[in-house]
Amino acid sequence: MSRRGSRPGPGSRPRPGPGAEAIDPDVDLHVPAQRAEPQGRVLAAVAAGGALGASARYGISLLWPAAPGAFPWATLWINASGCALIGVLMVLIGEGGRSAPHPLLRPFAGTGVLGGFTTFSTYAMDFSRLLDEGEARSALAYAGLMVVAALGAVWAAASVTRLAVRGRGPGRGQGRGPGPEPGGAVR
């Protein structure tokens with residue numbers, strides 16, 4: 001039996017199925033016109049957003065510094081809240097056929113502001129600092145708590161946002177909770 005036709009040919013790629021998330025809904029590099037499009041505006045949007053996000057993160061770290069040997073609560077809060085906002089943004093402009101109202105919104109807000117606000121480098125430095133100060137238990141707790149807080153925040157915020165978006169969409173109220181059925185019966 002020939003395998004011809006069972007695999008995509010050169011220059012083609014399998015498309016995600018219904019409901020699958022696109023890798024980058026803003027740009028499809030397999031479309032020649034999008035591949036050749038100048039990226040200067042995108043780079044400027046990411047840089048401007050990154051400057052805002054990093055400045056906000058730095059400001060919070062100045063207002064809420066971690067004393068030597070102390071748990072770095074500011075970095076934990078920054079990363080968890082930033083991940084929650086990424087979850088909201090991901091749902092609002094990246095799922096269910098929705099798109100950003102402006103093509104630079106996702107690069108500016110997602111990659112720029114929230115990418116600059118959240119920080120792996122400070123997380124790694126805080127972890128190393130705690131170890132250097134003999135606070136191995138705190139360092140390990142911090143490492144684990146950061147992962148749980150960040151992943152939990154993005155999941156929870158995305159889940160709540162999906163529910164909120166569904167509640168405003170067409171067919172609102174169908175199949176959820178008490179309320180009148182068509183014809184007057186109560187669910």
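From Trp73, atom CH2 reaches atom CG of Asp126 across 12.5 Å, with rounding to the nearest 0.5 Å. Rounding to the nearest 0.5 Å places OG1 of Thr111 at 11.0 Å from CG of Leu43. One distance of note links SG of Cys83 with CD1 of Ile78; it measures 12.0 Å at 0.5 Å rounding. Summarising the geometry, atom OG belonging to Ser81 is positioned 9.5 Å from atom CD1 belonging to Ile86; distances are rounded to the nearest 0.5 Å. Distance CD1/Ile93 to CG/Leu105: 4.5 Å, rounded to 0.5 Å.
By the 6.0 Å contact criterion, CH2 on Trp155 is open, its count of non-hydrogen atoms from other residues, nucleotides or ligands being 12 or less. With a 6.0 Å radius and a threshold of 12 heavy atoms from other residues, nucleotides or ligands, Tyr58 has its OH atom at or below the threshold.
Every side-chain contact (heavy atoms from CB on, under 4.5 Å) that Ala54 has, sequence neighbours left out, goes to Arg57.
Nearest heavy atoms, Ala149 versus Leu76: CB-CD1, 4.0 Å. Residues Val46 and Pro107 share a closest heavy-atom pair of CG2-O, 3.5 Å. Closest approach of Glu133 to Pro68, counting heavy atoms only: OE1-C, 3.5 Å. Contact between Ala158 and Val91 at its shortest, heavy atoms only, is O-CG2, 3.6 Å. For the pair Ile60 and Ala74, the tightest heavy-atom approach, listed with the atom from each and the gap, is CG2-CB, 4.4 Å.
The hydrophobic cluster containing Val88 also contains Val165, counting ILVMFWY residues as joined when their side-chain heavy atoms lie under 4.5 angstrom apart, directly or transitively. Trp77 and Leu85 fall into different hydrophobic clusters, defined by Ile, Leu, Val, Met, Phe, Trp and Tyr side-chain heavy atoms under 4.5 Å apart, directly or through other members. Hydrophobic clustering (side-chain heavy atoms under 4.5 Å, transitive across Ile, Leu, Val, Met, Phe, Trp, Tyr) groups Leu92 together with Leu114. Hydrophobic clustering places Leu130 together with Met146 (ILVMFWY residues linked when any side-chain heavy atoms are closer than 4.5 Å, directly or through intermediates). The cluster map of Ile, Leu, Val, Met, Phe, Trp and Tyr, joined by side-chain heavy atoms under 4.5 Å apart, puts Phe120 and Leu140 in the same cluster.
Using a 3.5 Å distance cut-off with no hydrogens or angles, the side chains of Tyr123 and Asn79 do not pair a donor with an acceptor.
Residues Pro72 and Arg129 have side chains in contact (heavy-atom distance under 4.5 Å, counting atoms from C-beta outward). Within the 4.5 Å cutoff, the side chain of Met90 has no heavy atoms near those of the Thr161 side chain.
For Tyr142 and Phe71, the distance between ring centers is under 6.0 angstrom.
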